[in-house]
Q: 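Pasting in a structure now, in structure tokens, and then I'll have a few things to ask.
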Amino acid sequence: MTAVEILIYACLAIGVVFNTLGVIGLLRFPDLYTRMHATTKATTFGSIFTSLAVIVFGLSMFFSQNDSQYLTLAIHAFLAAACLAFTNAVSAHAIARAAHRSGIKPMLAVVDRLEEAKL
Amino acid sequence: MIDAWILTVLCLTVLMALSTVRLVLGPTAPDRAIALDTVNTLTIAAMILLGVVFKEVIFVDVAIVYGLLSFVSTLYIAKYIGGEL
Amino acid sequence: MIAFLVTAGAAFLMYLILTAGSGTIGFWSLSELVMGVLLAILTGLIARNFLCRSKSFRLLDPRRLLLLLVYVPGPFFVELTKANLDVAYRVITMKIRPGIVRVHSGLKTDLGIFMLANSITLTPGTLSVGIDEETNDLFIHNINIGEGDEKREVIESTELFGLVNLPAWIRRIAE
């Protein structure tokens with residue numbers, strides 16, 4: 001097993017672990033906002049790492065076999081990961097704002113300044 | 001080498017099935033929306049990996065388009081929930 | 001005019017990235033380049049008012065773009081890693097003390113607020129819920145509020161980040 005293969009396996013393992021933590025958080029946390037903490041952060045991070053494994057694989061195959069198909073694979077995987085990170089943050093903010101506007105209160109909250117501000 | 005990729009895709013599929021539990025249970029509509037968002041994210045990650053398994057770049061292209069379309073649909077669901085539509 | 005050029009240039013750059021590896025001129029074939037120029041002009045004509053809504057072109061400064069390219073894999077990724085270790089700890093132990101606090105951002109432009117809100121969503125224990133558009137304050141759902149912080153009216157944005165001063169980076173990029 002070469003160093004590149006170990007790197008790829010490590011990235012895949014980190015990705016699966018964090019995706020699993022995100023889904024467990026989605027099932028375990030008590031209310032909407034805390035669930036969103038788990039899903040947005042953990043699944044974004046996990047998916048970035050599984051994509052990173054694909055990028056490393058594509059680049060290593062490109063440099064060893066000089067086939068431009070693998071370069072295309074790496075670049076497109078990078079673009080997909082970038083789209084994912086950016087869109088997840090924006091859609092999380094959109095859903096949180098919409099949920100608060102529709103009147104869902106955070107459970108167990110010690111303070112709610114947005115409710116006091118009444119926007 | 002290929003086996004690790006397929007194993008990862010299988011793990012992601014199991015996770016998708018688990019998030020469907022929240023999609024069915026979810027007490028409120030935003031809960032269902034974030035469960036759907038999680039399923040979408042995991043689908044994109046699995047599609048990128050399938051591009052390596054089947055040695056086809058087109059899977060990754062489809063993943064990019066799928067991600068952007070699911071982003072637009074999530075924004076519209078959020079607008080509907082917030083009562084701004 | 002400048003909005004059209006920026007939009008067409010961005011579209012052409014994206015087309016070049018997506019079709020890299022197709023031919024022999026550099027990485028591209030001739031037909032892809034011609035098609036890319038035509039599609040970029042069409043995109044620029046249609047979408048110039050969507051990409052450049054405000055009339056400030058601050059991000060065209062190459063030094064700011066360079067800082068942005070350093071910011072995303074550098075300080076931002078450090079905070080993202082820390083955020084995920086934090087979330088992993090909270091998922092396993094369920095030690096949470098949630099609440100929504102008001103955070104003073106100190107930024108003036110829309111782009112700066114946008115970047116700060118997105119950075120906050122992906123950094124430790126915080127999720128942006130709302131924006132006060134008059135004072136540019138953010139409302140943050142914090143999963144673990146420190147003892148005594150719930151009594152304070154406003155929290156400074158620099159207190160949210162532990163290792164790196166992200167608001168200062170964003171101010172250098174966007175303002």
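So that the names make sense, note that chain A is the first sequence line, chain B the second, and so on, each numbered from 1.
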Q: By a 4.5 Å heavy-atom criterion (distance strictly below it), what part of A:Tyr33 contacts chain C: side chain, backbone, both, or neither?
A: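 The answer is both parts of A:Tyr33.
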Q: Against chain C, label A:His93 side chain, backbone, both or neither, depending on which of its atoms sit under 4.5 Å from a heavy atom there.
A: both
Q: Please test C:Lys82 against C:Asp86 for salt bridge (Lys or Arg N to Asp or Glu O under 4.0 Å), starting from the C-alpha separation and ending with a verdict.
A: CA-CA 6 Å; C:Lys82 195 163 145 258; C:Asp86 183 71; over 6 Å; no
Q: Pick one of side chain, backbone, both or neither for A:Ile75, based on which atoms fall under 4.5 Å of a heavy atom in chain C.
A: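 The side chain, not the backbone.
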Q: Does any backbone or side-chain atom of C:Ala88 lie under 4.5 Å from a heavy atom of chain A? Answer side chain, backbone, both or neither.
A: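 For C:Ala88, backbone and side chain are both near chain A.
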Q: Might you work through the side-chain contact (heavy atoms from CB on, under 4.5 Å) test for A:Phe86 and C:Asn118, ending with a clear yes or no?
A: CA-CA 8 Å; A:Phe86 173 74; C:Asn118 275 355; 4.0 Å; yes
Q: Could you look at A:Ala85 and say if it's the side chain, the backbone, both or neither that has a heavy atom under 4.5 Å from chain C?
A: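 Looking at A:Ala85, just its backbone touches chain C.
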Q: If you count heavy atoms of other groups shown closer than 6.0 angstrom to CE of A:Met61, is the number above 12?
A: yes
Q: Which of the residues C:Ile96, C:Thr126, C:Ile17 is involved in the greatest number of heavy-atom pairs with chain A at under 4.5 angstrom?
A: C:Thr126
Q: I'd like to know if the side chain of C:His104 and the backbone of C:Asp137 have a donor-acceptor N/O pair within less than 3.5 Å.
A: no
Q: Take C:Val91 and A:Phe29 through the side-chain contact (heavy atoms from CB on, under 4.5 Å) test and state the conclusion after the steps.
A: CA-CA 8 Å; C:Val91 167; A:Phe29 273 135; 3.9 Å; yes
Q: Determine, stepwise, if the pair C:Phe139 / A:Arg97 fulfils side-chain contact (heavy atoms from CB on, under 4.5 Å).
A: CA-CA 10 Å; C:Phe139 293 96; A:Arg97 179 169 173 274; over 6 Å; no
Q: At a heavy-atom separation under 4.5 Å, does A:Ala92 approach chain C through its side chain, its backbone, both, or neither?
A: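 When you check distances to chain C, only side chain atoms of A:Ala92 fall under 4.5 Å.
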Q: Checking C:Ile143 against chain A: side chain, backbone, both or neither under 4.5 Å from a heavy atom?
A: both
Q: Which atom names give the shortest non-hydrogen contact between A:Lys41 and C:Val87, and what distance separates them?
A: CD-CG2, 3.8 Å
Q: So which of C:Leu127, C:Asn84, C:Val72 has the largest heavy-atom pair count under 4.5 angstrom toward chain A?
A: C:Asn84
Q: Assess whether atom CE of C:Met94 is packed by more than 12 heavy atoms of other residues, nucleotides or ligands within 6.0 Å.
A: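 It does: C:Met94 CE has more than 12 such atoms within range.
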Q: What part of C:Thr81 gets closer than 4.5 Å to chain A, counting heavy atoms only: side chain, backbone, both or neither?
A: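 Backbone plus side chain of C:Thr81, per the 4.5 Å heavy-atom cut-off to chain A.
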Q: In terms of heavy-atom pairs under 4.5 Å, which option from A:Asp31, A:Thr40, A:Leu79 contacts chain C the most?
A: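 Between A:Asp31, A:Thr40, A:Leu79, the count favours A:Leu79.
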Q: Looking at chain A, which one of C:Ile140, C:Thr121, C:Ile120, C:Asn142 has the largest number of heavy-atom pairs inside 4.5 Å, strictly under?
A: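 It is C:Thr121.
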